[in-house]
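Here's the structure we're looking at; comments come further down.
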Amino acid sequence: SAVISQKPSRDICQRGTSLTIQCQVDSQVTMMFWYRQQPGQSLTLIATANQGSEATYESGFVIDKFPISRPNLTFSTLTVSNMSPEDSSIYLCSVNFGGSTEAFFGQGTRLTVV
Amino acid sequence: KQEVTQIPAALSVPEGENLVLNCSFTDSAIYNLQWFRQDPGKGLTSLLLIQSSQREQTSGRLNASLDKSSGRSTLYIAASQPGDSATYLCAVPNNAGNMLTFGGGTRLMVKP
């Protein structure tokens, strides 16, 4: 496995603003994903971050609300746009290495919107 | 559509007990099943990965079993310790073998 760093680890934001979360891996990965975990809930996939192209979003998630970038094989960002209190969640990036289906996660970003 | 269920949702045990956490899934055509640990407000730590061809995996005091035909996996924790207190999640990948579907988790409290 490798080191997966997420920044920030937590933040408190005003409604209507946007927050960009970074995920940095210390080695190249094939797949990068962004998940959301709402309070008291399990994890739900937001999107697959595709290197050099638009992310693939799951049902219920749209690019205008959750724009994602992946400029290379080690880095991705997720932006939570025009935030409301309902966006308060833990956001996690996840990666797979090579042809493996084993998933590894960053330490998460705990977002509170007030 | 794959659905993953974990029972019980919460568990409180005294230190030293052996315990079993259960995970069930509706579509048995899985590549693997992964167990994770999550501490409050934190990310996920991978505990064990069982490939579809395997019946069990062991790591220290943890043992995970897989029965694909019945759509079940169990995580056995031996001689539980207060440091084991956390939420335990199981997850299976989709047909492409990448994105995960998670169970709701079992919140474990081990009392000293």
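By convention in this document, chain letters (A, B, ...) are assigned in the order of the sequence lines, proteins followed by strands, and residues within each chain are numbered from 1. Just so you know, these numbers use all the heavy atoms, side chains as well, and skip hydrogens, waters and symmetry mates.
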| Which pair of heavy atoms, one from Gly104(B) and one from Ser42(A), lies closest together, and at what distance? | CA-CB, 3.8 Å

| Is the number of heavy atoms from other residues, nucleotides or ligands under 6.0 Å of Lys42(B) NZ greater than 12? | no

| message | I need the contact set between residues 46-62 of chain B and chain A: heavy-atom distance under 4.5 Å, sorted by residue number. | response | Ser46(B), Leu49(B)

| query | If you count the non-hydrogen atoms of other residues, nucleotides and ligands that lie under 6.0 Å from CD1 in Ile63(A), is the total more than 12? | reply | yes

| said: How close do Leu92(A) and Gly43(B) get, counting heavy atoms only, and between which atoms? | reply: CD2-CA, 3.4 Å

| said: Would Gln37(A) and Gln38(B) count as a side chain to side chain contact (heavy atoms under 4.5 Å, CB included) here? Give the steps. | reply: CA-CA 12 Å; Gln37(A) 186 178 31; Gln38(B) 185 178 33; 2.7 Å; yes

| remark: Bottom line for Leu44(B): the part with an atom under 4.5 Å from chain A's heavy atoms is both

| In terms of hydrophobic clustering (I, L, V, M, F, W, Y; side-chain heavy atoms under 4.5 Å; direct or indirect links), are Ile21(A) and Phe61(A) co-clustered? | yes

| remark: Cut-off 4.5 Å, heavy atoms of chain B, and the answer for Glu58(A) is side chain

| request: Please check if Leu19(B) and Tyr88(B) belong to a single hydrophobic cluster, counting links between Ile, Leu, Val, Met, Phe, Trp and Tyr side chain heavy atoms closer than 4.5 Å. | output: yes

| query | If you group Ile, Leu, Val, Met, Phe, Trp and Tyr by side-chain heavy-atom gaps below 4.5 Å, do Leu19(A) and Ile68(A) land in one group? | reply | yes

| remark: Between the CE atom in Met99(B) and the OG atom in Ser94(A), the distance rounded to the nearest 0.5 Å is 11.0 Å

| message | Would you say that more than 12 heavy atoms from the other residues, nucleotides or ligands in this model lie under 6.0 Å from the CZ of Arg37(B), or not? | response | yes

| query | What is the distance from atom CZ of Phe105(A) to atom CZ of Phe36(B), rounded to the nearest 0.5 Å? | reply | 5.0 Å

| message | For Leu43(A), which atoms come within 4.5 Å of any heavy atom of chain B: side chain, backbone, both, or neither? | response | both

| request: Say whether Leu75(B) and Leu33(B) are linked into one hydrophobic cluster, either directly or through other cluster members, by side-chain heavy-atom distances under 4.5 angstrom. | output: yes

| said: I'd like to know if Leu89(B) and Leu108(B) are part of one continuous hydrophobic network [Ile/Leu/Val/Met/Phe/Trp/Tyr, side-chain heavy atoms within less than 4.5 Å]. | reply: no

| query | Gln6(A) versus chain B, heavy atoms under 4.5 Å apart: side chain, backbone, both or neither? | reply | neither

| query | Checking side chain to side chain contact (heavy atoms under 4.5 Å, CB included) for the pair Thr44(A)/Phe102(B): CA distance, chi angles, key distance, verdict? | reply | CA-CA 8 Å; Thr44(A) 302; Phe102(B) 282 86; over 6 Å; no

